[in-house]
2 protein chains.
Amino acid sequence: MSASIRDVARRAGVSLGTVSNVLNRPDQVSVGSRERVLAAIAELGFVRNESARQLRAGTSRTLGLVVLDIANPFFTDVARGVSEVADDAGLAVILCNSDDRPAKESAYLDLLAEQRVQGVLITPTADLAPHLDSLRRRGVPVVLVDRRATGPGQCSVAVDDVLGGRLAADHLIERGHRRIAFVGGSSGLPQIEERHAGVVAAVRDQWGDEDSLTVFAPDVLTVATGREAAAQIVGMPAAVRPTAVICANDLLALGVLQEMTRHGVRVPEECAIVGYDDIEFAAAAAVPLTSVRKPRQEMGRRAAELLLAEAGDDHVHEQIVYEPVLVVRESSMARRSTAQGERTA
Amino acid sequence: MSASIRDVARRAGVSLGTVSNVLNRPDQVSVGSRERVLAAIAELGFVRNESARQLRAGTSRTLGLVVLDIANPFFTDVARGVSEVADDAGLAVILCNSDDRPAKESAYLDLLAEQRVQGVLITPTADLAPHLDSLRRRGVPVVLVDRRATGPGQCSVAVDDVLGGRLAADHLIERGHRRIAFVGGSSGLPQIEERHAGVVAAVRDQWGDEDSLTVFAPDVLTVATGREAAAQIVGMPAAVRPTAVICANDLLALGVLQEMTRHGVRVPEECAIVGYDDIEFAAAAAVPLTSVRKPRQEMGRRAAELLLAEAGDDHVHEQIVYEPVLVVRESSMARRSTAQGERTA
DNA sequence: TGCAGTGGTTGACACGTTTCATATCCGTGC
DNA sequence: GCACGGATATGAAACGTGTCAACCACTGCA
């Protein structure tokens with residue numbers, strides 16, 4: 001098959017160890033041998049066998065990243081951040097898409113364990129499988145992404161989603177909205193639950209109760225399910241129909257926006273929309289979307305750095321929580337004046 | 001470190017070969033030994049060492065996918081198709097983002113070669129590096145994705161982009177548009193050149209010359225550069241300003257749409273827009289985007305299948321070309337009647 | 001009793017690399 | 001002339017697995 005280090009050595013007329021030295025400590029080798037070895041490498045088209053290196057080294061130069069939905073640009077942005085750091089460290093990233101399905105997730109974790117990855121970055125499905133513990137017990141560093149660690153002994157990079165939910169709700173209430181819908185999800189992801197909790201808290205603080213908060217919980221968080229939720233909202237009697245919608249992510253929000261427009265409901269005049277994540281498409285929507293911004297790429301970078309740091313034995317586990325920022329755009333701009341009118345009425 | 005097959009053997013009181021047999025040919029092993037081995041595996045938390053398997057086998061159970069832009073949903077859809085097939089074949093996918101930069105591309109190809117991947121799926125940067133040939137010479141199967149093979153001896157899965165460009169242009173011309181802009185790219189990707197060529201061909205057929213076709217060539221194909229192009233278009237004097245824009249991909253189209261809307265140019269009444277790829281966000285845009293559909297996921301699947309087939313030695317190289325389909329949506333719906341008025345005027 | 005056959009099991013070997021203790025060479029200072 | 005040290009070069013050992021020829025115990029048959 002392909003040439004090995006031994007073939008190179010023979011061709012260059014040196015020993016096997018010398019070739020290895022040329023590859024790994026070129027300065028410890030005389031110019032003459034080095035040149036002959038390099039020439040032989042070129043002639044034979046020699047390529048290092050990474051498996052053999054790994055076997056010898058006991059660990060690979062790879063790192064696993066498991067995401068919930070590869071089609072969600074939030075995760076591709078995170079991935080971009082991760083691979084920046086990984087590239088600099090000379091590591092390859094194996095990107096796995098669990099599709100929010102525990103079965104796929106655990107299959108991928110097995111695979112990553114067999115690959116002896118240096119570590120795993122994961123946004124886990126709801127029930128943070130015991131699988132993760134078993135990985136850690138085996139000494140594989142794990143860093144949670146967009147999900148707060150439940151206990152100590154683990155690193156995580158997350159966002160204060162309760163605050164995020166609160167920001168969104170406060171903004172809309174301050175704008176004069178009195179009936180709000182929250183479009184979340186039913187898969188039980190804590191991130192989503194917390195966003196919901198934040199909205200509920202804000203609503204309670206301002207209104208005393210949450211009677212005017214309608215909650216929708218589609219099974220997955222996609223553009224398509226966002227459209228479905230919007231269709232339901234549009235179908236509600238005008239007297240109780242929410243005048244604003246908070247979505248648990250931007251995909252849902254885009255779906256809601258599209259369906260509203262399709263039904264002739266003007267955004268933001270008749271219905272305001274707030275998304276979550278602030279993916280690039282949020283700003284690019286024809287009615288630019290107000291959204292709760294998370295430092296997507298930065299989260300990926302930071303998570304990868306934590307993972308690498310975990311190799312050092314003086315490592316202290318860190319749980320980083322970013323503060324989200326509400327980015328106000330057109331989709332929630334109207335209503336203040338009319339709302340005040342309503343309030344005094 | 002972690003337990004090896006040898007530890008398991010000792011623990012189960014069997015030989016090393018028996019453990020291997022339990023793992024690879026369970027039926028050739030007596031029930032008793034099998035159970036004891038499985039028990040030992042569970043107790044020790046044994047996980048196969050993939051590097052060692054690879055070293056022994058000479059090849060990995062991995063496959064490389066190199067894309068131009070991980071942030072473009074077109075490629076994540078392709079990736080989804082690829083991993084479907086890969087999963088079924090028990091292969092892992094290493095997803096690499098070249099960012100349309102030859103340097104990154106070739107670094108990743110080196111990496112994949114060192115990993116001894118079973119094959120590489122790639123949408124290459126413009127100058128289909130000699131790197132690819134060197135891979136093939138080394139016996140690594142390569143399948144081109146969204147890019148037609150230049151010669152025989154290689155597999156590819158592509159789309160007839162000349163036809164795609166033609167469809168878009170014909171549609172707009174038939175709708176009555178007489179001044180069209182093409183927003184492409186300057187990186188020299190053949191896919192883009194062909195789309196351009198298709199548009200030019202259609203325009204020439206219908207108008208005799210291409211004086212009324214304005215071409216923009218931003219350096220990258222993103223939402224941001226789409227906005228910039230639109231800003232230029234909007235700034236043109238009304239008498240020469242195109243009434244329709246064909247974009248080389250949907251990201252550009254979304255950018256154009258947003259900027260048009262921002263400037264109060266109504267889409268499609270004052271300016272029609274046609275995108276390319278038909279990513280999900282195209283339909284979800286507030287003015288749903290007319291776009292040239294490619295079978296994104298199917299392309300990924302098919303490419304992966306071709307790659308796997310290339311292992312068999314009776315394999316004949318195949319160059320698959322899909323026919324794109326124009327999906328007409330709101331962004332290009334208006335104008336027929338007014339256009340006819342204009343024409344007669 | 002001997003022999004062929006069978007279902008299980010064994011352990012040495014090979015895969016390609018890195019590492020490390022050891023060997024070689026050459027110049028320098030005493 | 002000799003000991004010493006620095007710069008290079010060497011090759012055996014080890015990493016964990018899969019394979020395969022050899023082996024074993026046992027059965028059925030002649």
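Computation of the quantities below employed the complete heavy-atom set of this structure, encompassing side-chain atoms and omitting hydrogens, waters and symmetry-equivalent molecules.
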Any salt bridge between [X] and [Y], counting N to O under 4.0 Å?
X        : Y        : value
B/Lys294 : B/Asp77  : no
B/Asp88  : B/Arg301 : no
A/Asp110 : B/Arg48  : no
B/Arg61  : B/Glu50  : no

Taking side-chain hydrogen bond (donor to acceptor under 3.5 Å, both in side chains) as the test, write out the residues that go with A/Ser33, two or more places apart. A/Ser30

Does B/Glu114 have any side-chain hydrogen bond (donor to acceptor under 3.5 Å, both in side chains) partners at least two apart in sequence or in another chain, and if so, which? none

Using the 3.5 Å cut-off, write out each protein N or O paired with an N or O of nucleotides 22-24 of chain D and the distance between them.
none

Going by number, which of residues 26-50 of chain B have a non-hydrogen atom under 4.0 Å from DNA chain C? B/Val29, B/Ser30, B/Ser33

Partners meeting side-chain contact (heavy atoms from CB on, under 4.5 Å) with B/Asn21 (sequence neighbours left out): B/Arg25, B/Val29

Whole-Å distance between [N] [atom2] and [X] [atom1]?
X        : N      : atom1 : atom2 : result
A/Arg6   : C/dT17 : CZ    : C1'   : 9 Å
B/Arg116 : C/dC15 : CZ    : C1'   : 11 Å
A/Gln115 : D/dT17 : CD    : C1'   : 14 Å

DNA chain C: B/Leu55 or B/Gly13, which has the more 5' nearest nucleotide? B/Gly13

Residues in contact with DNA chain D, drawn from residues 14-25 of chain B - heavy-atom cutoff 4.0 Å: B/Leu16, B/Ser20, B/Asn24, B/Arg25

Classify the side chain of A/Arg56 versus the base of C/dT17 as yes if they form a donor-acceptor pair under 3.5 Å and no if they do not. no

